[in-house]
Enquirer: 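Sharing a structure here in structure tokens format.
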2 protein chains.
Amino acid sequence: MPRTKEFDPDVALDAAMELFWSRGYEATSTADLVEHLGIARASLYATFGSKHQLYVRALDRYIQSRDPLVVETLSRPGPALPAVRELLEGFVREATGEQRERGCLVVNAAVERLPGDRVVARCVESSWNTVEVALTSALLRAKAQGELRDGAEPRRIARFLLVFLEGLRVVGKGGWDERHLRDAVTEALSTFA
Amino acid sequence: MPRTKEFDPDVALDAAMELFWSRGYEATSTADLVEHLGIARASLYATFGSKHQLYVRALDRYIQSRDPLVVETLSRPGPALPAVRELLEGFVREATGEQRERGCLVVNAAVERLPGDRVVARCVESSWNTVEVALTSALLRAKAQGELRDGAEPRRIARFLLVFLEGLRVVGKGGWDERHLRDAVTEALSTFA
DNA sequence: TAAATACTAGATTGATCAGTCCAAATTGGG
DNA sequence: CCCAATTTGGACTGATCAATCTAGTATTTA
């Protein structure tokens with residue numbers, strides 16, 4: 001009977017995610033991965049198949065661990081617009097906090113790997129779609145609860161917000177201070193809120 | 001007396017810009033560059049020094065060739081808000097046209113090279129600052145000409161628009177159709193226009 | 001204990017990397 | 001013509017790349 005696995009693949013996956021997140025796909029070597037994952041080279045290939053498959057699984061883990069938080073934030077009962085505001089403020093915190101320089105792995109992956117990498121493209125589109133749907137849902141609720149001005153179109157606002165959010169993740173890589181980002185958010189919210 | 005240079009460095013620089021723009025820094029090899037620049041390996045190094053220096057010069061050339069167009073668009077006499085709208089629509093065209101998949105070299109450079117590459121960081125910040133200043137200038141003019149609602153703050157709106165613009169360049173890499181992007185732009189403009 | 005599996009470290013492969021060097025060919029000015 | 005400078009193609013370096021393989025060590029179940 002087989003010996004049980006010793007290392008936790010999810011722990012290794014987290015370590016890989018950190019590396020790819022910080023350095024990108026091309027700039028992360030398998031030697032880096034072997035060193036930081038704490039498992040032998042052969043185990044890495046036996047478990048994950050290839051560098052690219054490991055990258056995709058790390059990206060997927062990133063998405064699976066973060067998108068639900070966005071959905072939860074936007075799905076809380078009660079007024080919807082404060083939840084949207086809180087989401088934006090969370091993005092500002094991420095874009096100015098300790099891990100500002102890493103940006104967002106989904107954006108990094110999209111910029112580095114698209115359009116050539118169709119697998120990554122699918123992950124990126126899926127994640128962005130999740131956020132767009134969650135935003136649309138929250139804004140439809142906001143409209144039904146009378147939180148939006150007459151004539152506001154939730155689907156359109158959701159698309160606008162998604163673009164703005166991705167912009168935040170990019171601009172965060174440059175050295176914008178928090179006040180400037182807050183200005184931008186204030187203005188973005190003033191569109192409809 | 002010295003023999004005159006035979007190839008035009010700017011032509012070679014354009015070719016390098018195209019390559020780095022399409023593939024990124026890491027994924028572009030010096031062999032690729034030699035092939036596409038149409039000059040010998042030795043000439044490449046004699047003229048540009050290193051792959052990194054060539055990259056920075058290509059990035060700089062990209063910025064120098066595009067930022068002035070943004071500034072011009074936003075500096076036309078007359079009403080300022082139509083110029084802002086035209087700028088956004090131009091970004092949408094770029095994000096849906098033939099070269100959609102390449103994105104924006106400045107954004108690509110920021111995502112791939114920051115925060116480690118300080119030289120690239122300087123280029124990126126410079127370019128974004130140029131756009132922010134041009135936007136601020138146009139919006140100040142708009143305010144003075146009574147195109148903005150009372151209480152509108154040009155500097156804040158400019159920061160907001162810059163974030164939104166960078167978002168457009170990222171989302172363009174995913175397969176968003178033009179209608180969705182136009183929705184987002186419409187909503188962005190409705191903030192103040 | 002014995003078979004089966006998981007894991008390790010490290011050697012190895014062939015390709016590719018950025019960058020250097022060189023000899024030969026080319027082109028200009030004096 | 002002749003010297004100086006430029007360009008060329010290709011050889012070359014040492015490093016690193018992703019990926020495979022080997023040999024041996026641990027750990028489990030039967």
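Chain A is the first sequence line, chain B the second, and so forth, proteins listed ahead of strands; every chain is numbered from 1.
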Enquirer: Using only side-chain N and O atoms of A:Ser29, determine if any of them is under 4.0 Å from OP1 or OP2 of D:dC17.
Expert: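 Yes, such a contact exists.
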
Enquirer: Using whole Å, what does the distance between atom P of nucleotide D:dA19 and atom CG of A:Leu33 come to?
Expert: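 Atom-to-atom, A:Leu33 to D:dA19, this comes out as 10 Å.
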
Enquirer: Let me know the distance between CG of B:Asp8 and P of D:dT7, rounded to the nearest Å.
Expert: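 From B:Asp8 CG to D:dT7 P: 11 Å.
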
Enquirer: Answer yes when A:Asp183 and B:Arg155 have at least one side-chain N-carboxylate O distance shorter than 4.0 Å, and no when they do not.
Expert: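 No, this pair does not count.
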
Enquirer: Indicate yes or no: does B:Glu18 engage B:Arg102 in a salt bridge with an N to O separation below 4.0 Å.
Expert: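 Judged by the 4.0 Å cut-off on N to carboxylate O distance, B:Glu18 and B:Arg102 do form a salt bridge.
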
Enquirer: Nearest to the side chain of B:Ile39, which nucleotide is it out of D:dT8, D:dA19, C:dG19?
Expert: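 Looking only at heavy atoms from C-beta outward on B:Ile39, the closest nucleotide is D:dT8.
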
Enquirer: In whole angstrom, give the distance that lies between atom CD of B:Gln53 and atom C1' of C:dA18.
Expert: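 Distance check: B:Gln53 CD to C:dA18 C1' gives 13 Å.
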
Enquirer: Reading DNA chain D from 5' onward, which residue's closest nucleotide shows up sooner: A:Gly49 or A:Ala27?
Expert: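 That would be A:Ala27.
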
Enquirer: Within this structure, what is the NE2-to-P distance between A:His52 and D:dA19, rounded to whole angstrom?
Expert: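 My rounded result for the distance is 10 Å.
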
Enquirer: May I ask you to decide whether B:Asp14 forms a salt bridge with B:Arg61, counting only side-chain N to carboxylate O separations under 4.0 Å?
Expert: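 Salt bridge between B:Asp14 and B:Arg61, a charged N being under 4.0 Å from a carboxylate O: yes.
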
Enquirer: Check the distance between D:dC17's P and A:Leu54's CG and give it to me in whole angstrom.
Expert: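 Interatomic distance, CG of A:Leu54 to P of D:dC17: 15 Å.
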
Enquirer: For A:Ala42, answer base if it contacts any base atom (sugar-phosphate contacts may also be present), sugar-phosphate if it contacts only those atoms, and nothing otherwise; contact means non-hydrogen atoms under 4.0 Å.
Expert: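 Answer is base: heavy atoms of A:Ala42 come under 4.0 Å of a base.
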
Enquirer: Taking the minimum atom-to-atom distance to the side chain of A:Ala31, which one of C:dG19, D:dC17, D:dT8 wins?
Expert: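 Minimum distance to the A:Ala31 side chain belongs to D:dC17.
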
Enquirer: Mind jotting down which residue pairs meet the ring-ring contact (aromatic ring centres under 6.0 Å, His included) criterion with at least one end in residues 138-167 of chain A? Sequence neighbours excluded, please.
Expert: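 Qualifying pairs, neighbours excluded: A:Phe160-B:Phe160, A:Phe160-B:Phe164, A:Phe164-B:Phe160.
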
Enquirer: Taking CG from B:Asp32 and P from C:dC17, how many angstroms apart are they, rounded to a whole number?
Expert: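 One finds 7 Å between P of C:dC17 and CG of B:Asp32, rounded.
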
Enquirer: Within less than 4.0 Å of OP1 or OP2 of D:dC17, is there a side-chain N or O belonging to A:Thr30?
Expert: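 Result: no.
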
Enquirer: Given atom CG of B:Leu44 and atom P of D:dT8, what is their separation to the nearest angstrom?
Expert: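 One finds 10 Å between P of D:dT8 and CG of B:Leu44, rounded.
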
Enquirer: Quick one: the side chain of A:Arg41 and the base of D:dA19, do they pair up donor-acceptor inside 3.5 Å?
Expert: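 Looking at the base of D:dA19, it does pair with a donor or acceptor on the side chain of A:Arg41 (distance under 3.5 Å).
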
Enquirer: Axis-to-axis angle across the helix from C:dT1-D:dA30 to C:dG30-D:dC1, five pairs an end, to 10 degrees?
Expert: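 The value is 10°.
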
Enquirer: Let me know the distance between CD of A:Glu26 and P of D:dT16, rounded to the nearest Å.
Expert: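 After rounding, the reported distance stands at 17 Å.
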
Enquirer: Between A:Glu187 and B:Arg159, does any NZ, NE, NH1 or NH2 come within less than 4.0 Å of an OD or OE carboxylate oxygen?
Expert: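 Salt bridge: no.
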
Enquirer: If the test is side-chain contact (heavy atoms from CB on, under 4.5 Å), which one of B:Arg23, B:Arg113, B:Lys173, B:Arg169 qualifies with B:Asn108?
Expert: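 So, applying the side-chain contact (heavy atoms from CB on, under 4.5 Å) to B:Asn108 and each of B:Arg23, B:Arg113, B:Lys173, B:Arg169, only B:Lys173 qualifies.
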
Enquirer: Check this one for me: any side-chain N or O of B:Ser50 less than 4.0 Å away from OP1 or OP2 of C:dA18?
Expert: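 It does not, given that no N or O in the side chain of B:Ser50 lies less than 4.0 Å from OP1 or OP2 of C:dA18.
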
Enquirer: Using a strict 4.0 Å threshold on nitrogen-to-oxygen distance, state whether A:Glu147 and A:Lys143 make a salt bridge.
Expert: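 Looking at A:Glu147 and A:Lys143, the cut-off is not met.
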
